[in-house]
Amino acid sequence: MLHIYNSLTKKKEPFTPITPGKVRLYVCGMTVYDYCHLGHARVMVGFDMVARYLRARGNQVTYIRNITDIDDKIIKRAQENGEDINALTARFIQAMHEDATALGVLPPDNEPRATLHMPQILSMIAKLIEQGFAYPAKNKDVYYRVRKFLPYGSLSGKTLDELKIGAGVEVDEEKEDPLDFVLWKSAKPGEPQWDSPWGAGRPGWHIECSAMSTTCLGNHFDIHGGGMDLKFPHHENEIAQSEAATGEKFVNTWMHIGFVRLDEEKMSKSLGNFFTVREVLKKYDAEVVRYFILGSHYRSPLDYSDENLLGAKAALTRLYLALKDLPAATPTADGYEEKFNAAMDDDFNTPGAMAVLFELARDINKLRENNLAAAAPLGARLRRLGDILGLLQRKPQVFLQGDVANGLADEQIEALIKQRVQARQNRNWAESDRIRDDLKAQGVILEDTAGKTTWRRL
RNA sequence: GGCUGGGUAGCAGAGUGGUUAUGCAGCGGCCUGCAAAGCCGUGUACGCCGGUUCGAAUCCGACCCCAGCCUCCA
């Protein structure tokens, strides 16, 4: 049975969907004013893996990942660029989709956008005011009355008094309590705005997710996820808004993805120490990046370094080498799927699941020495399990020989191999080795097997 | 200061009260013209100090250290 670590209870818990066989999953997606960096990639890949696994285990999954397409940073960036807001967000939404596709992230079932959910946002705010959980201030902002929601702080493990002691609480004359947060922000001249009973303005950051998630999935759903940094205040505030507005429990299981780090430090926009997905993809194959992300548990920190990426590449190469030249087949009962599932059932333990993939590879390699066909069913199993992680779906040849972006073209390599075959027939080992060394210097590895020479790019 | 996570062999990274994680690198062997790949074998690992236990790296307590949150951030 699947167990998931629930950030709300801080425990691993058996996971039971509210409706048997159906899982409703909401993930906080991007604010689209810049390219995705590796932190975004980790969240996308992480929940893609979660959705794939839940489906592989027979659940019908409704996966929602929102897009925040209105907020202060977007407005600011559009002004800096002298760009229309909609053009800006459209541009980065497209870029995000390109990055996601490259990383093997399947599209979510729905990608709701904040600007397309104004009626739902407004009605939720109205409900909160009605019930005394929110109030319009003199400056025409609407605030959430944090003291009124008794369980406030349960997700982040903070109490209001502790938060008050914390350093950075900005004092705002308009607020009843400094910890109250904004639901509706009145518009300054020239800013994008929507009409509301409290004056023209735009939604605060948190309310959109409450409105979109409950609209798409109902007031009470199974899993809500996002990066670790959203736990407070974003998710805390979502709970306060949603439960106060609906009077129902909001989410059963909260999942938070650990940070990507660079030199032991969180990779983040504010620190400026981030790599965008597209920068990384110039250096490393997208599947290698995906392997790297899934190679550590989703809650652990993930250290970005060339050493670690190269390690991921070596490991993936081993798996693809095991699959190389295997004929198509269907898996037979071999026990590997059960082992794989046992690892995944333990809070999506992808490193453990990947270890099973390597056991399979070893078995395949043993069998293939004598009989390629005998190894085929295990190869099929390896591919099928890889698919649950979004890995190993390319032709081994394609992965191993890479693309021809730089270095020698395939034809040049083939030609040199022909020369070398000739030299070997003449037992001219010096010439044969020279060609092999030359190719190696250019990043091409030769392998003489079964009277045939094959090659791959390093 | 409060709250969350975490400290595992050369590196990365799971896991567990007593018996192999796994990958990369290393060492020995097989294979090979030689390699590569592969196979077999190979490691005094579990931050520190106490305690519980027949036995702890795994449970308990204290301590040290690291990262994160408490302000926008995935």
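Numbers restart at 1 for each chain; the letters A, B, ... are given by sequence-line order, proteins then strands.
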[atom1] of [X] versus [atom2] of [N]: gap in Å, rounded?
| X | N | atom1 | atom2 | value |
| --- | --- | --- | --- | --- |
| A/L357 | B/rU22 | CG | C1' | 11 Å |
| A/R362 | B/rU22 | CZ | P | 7 Å |
| A/L309 | B/rC11 | CG | P | 19 Å |
| A/F259 | B/rG6 | CZ | C1' | 14 Å |
| A/F232 | B/rC72 | CZ | C1' | 13 Å |
| A/K339 | B/rA21 | NZ | C1' | 9 Å |
| A/K269 | B/rA74 | NZ | C1' | 9 Å |
| A/K11 | B/rG5 | NZ | P | 12 Å |

Nearest to the side chain of [X], which nucleotide is it out of [options]?
| X | options | result |
| --- | --- | --- |
| A/E369 | B/rA74, B/rC39, B/rA36 | B/rC39 |
| A/E264 | B/rU4, B/rG23, B/rC66 | B/rC66 |
| A/K231 | B/rA14, B/rC34, B/rU4 | B/rU4 |
| A/I445 | B/rA74, B/rG68, B/rA36 | B/rA36 |
| A/S270 | B/rA74, B/rC72, B/rG38 | B/rC72 |
| A/D346 | B/rG15, B/rC39, B/rA14 | B/rG15 |
| A/E162 | B/rA74, B/rU4, B/rG2 | B/rG2 |

Students often get this wrong, so: under 4.0 angstrom with heavy atoms, is [X] touching a base, only sugar-phosphate, or nothing?
| X | result |
| --- | --- |
| A/M267 | base |
| A/R420 | base |
| A/D448 | base |
| A/K266 | base |
| A/V356 | nothing |
| A/N349 | sugar-phosphate |
| A/R299 | nothing |
| A/A355 | base |
| A/D433 | base |
| A/H256 | nothing |
| A/E447 | base |
| A/R436 | base |
| A/S156 | sugar-phosphate |
| A/G46 | nothing |

On RNA chain B, nearest-nucleotide positions of A/K10 versus A/T31: which is more 5'?
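Counting from the 5' end, the first nearest nucleotide belongs to A/K10.
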Specify the residue among A/R456 and A/L38 whose closest nucleotide of RNA chain B lies further upstream toward the 5′ end.
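Counting from the 5' end, the first nearest nucleotide belongs to A/R456.
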Between [X] and [N], is there a side-chain N or O to OP1/OP2 distance below 4.0 Å?
| X | N | answer |
| --- | --- | --- |
| A/Y5 | B/rG5 | yes |
| A/K366 | B/rC40 | yes |
| A/R318 | B/rG38 | yes |
| A/T68 | B/rA74 | no |
| A/N365 | B/rC39 | yes |

Around [X], counting heavy atoms of other residues, nucleotides and ligands shown, do more than 12 lie under 6.0 Å from its [atom1]?
| X | atom1 | value |
| --- | --- | --- |
| A/K10 | NZ | yes |
| A/N426 | CG | yes |
| A/Q94 | CD | no |
| A/K339 | NZ | no |

Between [Y] and [X], is the closest basic N to carboxylate O distance under 4.0 Å?
| X | Y | answer |
| --- | --- | --- |
| A/D448 | A/R420 | yes |
| A/D109 | A/R65 | no |
| A/E359 | A/R362 | no |

In whole Å, what separates the [atom1] atom of [N] from that of [M]?
| N | M | atom1 | result |
| --- | --- | --- | --- |
| B/rG15 | B/rA9 | C1' | 15 Å |
| B/rU19 | B/rU58 | P | 14 Å |
| B/rA14 | B/rA21 | C1' | 6 Å |
| B/rG43 | B/rC49 | P | 25 Å |
| B/rG6 | B/rC27 | C1' | 33 Å |
| B/rU16 | B/rC60 | P | 14 Å |
| B/rG17 | B/rC69 | P | 32 Å |
| B/rG13 | B/rC46 | C1' | 13 Å |

Can you tell me the Watson-Crick or wobble partner of [N], both distances under 3.5 angstrom?
| N | answer |
| --- | --- |
| B/rC59 | B/rG51 |
| B/rA25 | none |
| B/rG1 | B/rC70 |

Got a donor-acceptor contact below 3.5 angstrom from the A/D222 side chain to the A/R24 backbone?
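Yes, because the side chain of A/D222 sits within donor-acceptor range (under 3.5 Å) of the backbone of A/R24.
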Donor-acceptor pair present, A/S432 side chain and B/rG33 base, under 3.5 Å:
yes
Please confirm whether any donor atom in the side chain of A/R424 sits under 3.5 Å from an acceptor in the base of B/rG33, or the reverse.
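Such a pair exists between side chain and base.
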Over 60° means perpendicular and under 30° means parallel, so tell me whether A/W254 and A/H224 are parallel, tilted or perpendicular.
parallel
Can you see whether A/Y33 engages A/D71 through a side-chain donor-acceptor pair at a distance of less than 3.5 angstrom?
no
